[in-house]
S.K.: 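I'd like to ask you about the structure that follows.
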Amino acid sequence: MRAKLEQRLQKRLEASLPGHVINCKIGADGIVALTVHWPASGESMAITGITMQSLIGRDVLEVTVDQILIEISAARGELPLLLTQRKAE
């Protein structure tokens, strides 16, 4: 189950972040260790603290992926897509 959740999360993030190298591992304690690498710029980021439980259930994975994408945008100093859309309206 752990490997399947890792693959699902990794595939969803890779689809949302083309050109990035994503690595996802769930530890024995159920905590996700996620690394994101941007080969074009040489930047890397590690995200931890995501629980395995936040990946299980209907639509829960999508919410978690959205939260991760917001965290990545914030760490890079970019506005999240939803805020960008609101400003354009």
Side-chain angles (χ1 to χ4, degrees):
M1 179 174 173
R2 190 174 292 165
K4 191 174 207 172
L5 288 172
E6 288 172 355
Q7 288 176 341
R8 286 178 59 207
L9 178 59
Q10 189 163 331
K11 285 183 181 185
R12 291 286 199 322
L13 288 171
E14 286 172 346
S16 297
L17 297 168
H20 295 70
V21 178
I22 311 291
N23 187 15
C24 176
K25 294 290 179 201
I26 300 175
D29 58 358
I31 302 297
V32 178
L34 180 68
T35 57
V36 182
H37 178 69
W38 294 268
S41 67
E43 293 179 291
S44 292
M45 174 185 301
I47 299 174
T48 60
I50 303 165
T51 63
M52 188 169 76
Q53 290 303 113
S54 67
L55 306 176
I56 301 171
R58 173 166 279 161
D59 299 325
V60 177
L61 180 63
E62 296 304 322
V63 170
T64 302
V65 168
D66 288 344
Q67 291 173 339
I68 291 169
L69 293 174
I70 289 170
E71 290 293 327
I72 291 169
S73 295
R76 294 185 77 190
E78 303 167 351
L79 288 175
L81 182 59
L82 294 175
L83 293 177
T84 306
Q85 288 174 340
R86 286 186 186 151
K87 283 188 172 188
E89 293 173 352

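Please read all numbers here as calculations on a predicted model, not as lab measurements.
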S.K.: So, using side chain to side chain contact (heavy atoms under 4.5 Å, CB included) as the criterion, who are the partners of Pro18 when residues are at least two apart?
M.R.: none

S.K.: Scan residues 15-29 for pairs that pass salt bridge (charged side-chain N to carboxylate O under 4.0 Å, His left out), counting only residues two or more places apart or in two chains.
M.R.: none

S.K.: State plainly whether one hydrophobic cluster holds both Val21 and Leu34, where clusters connect Ile, Leu, Val, Met, Phe, Trp and Tyr through side-chain heavy atoms under 4.5 angstrom apart.
M.R.: no

S.K.: Not counting sequence neighbours, list each pair that qualifies as a salt bridge (charged side-chain N to carboxylate O under 4.0 Å, His left out) and has a residue in residues 61-70.
M.R.: Arg12-Glu62

S.K.: How long is the span from the CG atom in Asn23 to the CD atom in Glu6, to the nearest 0.5 Å?
M.R.: 8.5 Å

S.K.: Checking Glu71 now: which residues fulfil side chain to side chain contact (heavy atoms under 4.5 Å, CB included) with it, not counting sequence neighbours?
M.R.: none

S.K.: State, to 0.1 Å, how close Met45 and Ala75 come at their nearest heavy-atom pair, and which atoms those are.
M.R.: CE-CB, 3.4 Å

S.K.: With sequence neighbours left out, what residues match Ser41 under side chain to side chain donor-acceptor pair (under 3.5 Å)?
M.R.: Glu43

S.K.: Under the rule for side chain to side chain contact (heavy atoms under 4.5 Å, CB included), what residues qualify as partners of Thr64, not counting sequence neighbours?
M.R.: Ile50, Ser54, Leu55, Val60, Ile68

S.K.: Any idea which heavy atoms bring Gly19 and Pro39 closest together, and the distance?
M.R.: O-CD, 3.2 Å

S.K.: To check you understand the geometry: which heavy-atom pair defines the closest contact between Gly49 and Ile31, and what is its length?
M.R.: N-CG2, 3.7 Å

S.K.: Tell me the salt bridge (charged side-chain N to carboxylate O under 4.0 Å, His left out) pairs involving residues 45-56, sequence neighbours left out?
M.R.: none

S.K.: Who pairs with Ser16 by side chain to side chain donor-acceptor pair (under 3.5 Å), at least two apart in sequence or on another chain?
M.R.: none

S.K.: Once side chain to side chain contact (heavy atoms under 4.5 Å, CB included) is applied, do any residues pair with Glu14, and if so which ones, sequence neighbours excluded?
M.R.: Gln10, Ile22

S.K.: Between Leu13 and Val36, is a side-chain contact (heavy atoms from CB on, under 4.5 Å) present by the stated rule, with each step listed?
M.R.: CA-CA 9 Å; Leu13 288 171; Val36 182; 5.8 Å; no

S.K.: Can you get from Leu5 to Val63 by hopping between Ile, Leu, Val, Met, Phe, Trp and Tyr side chains that sit under 4.5 Å apart?
M.R.: no

S.K.: Say you draw a straight line from CG of Leu61 to CZ of Arg8; how long is it, rounded to the nearest 0.5 Å?
M.R.: 5.0 Å

S.K.: Less than 4.5 Å apart, any side-chain heavy atom of Val32 and any of Leu9?
M.R.: yes

S.K.: Measure the shortest side-chain to side-chain distance between Ser44 and Thr35 over non-hydrogen atoms and say whether it is less than 4.5 angstrom.
M.R.: no

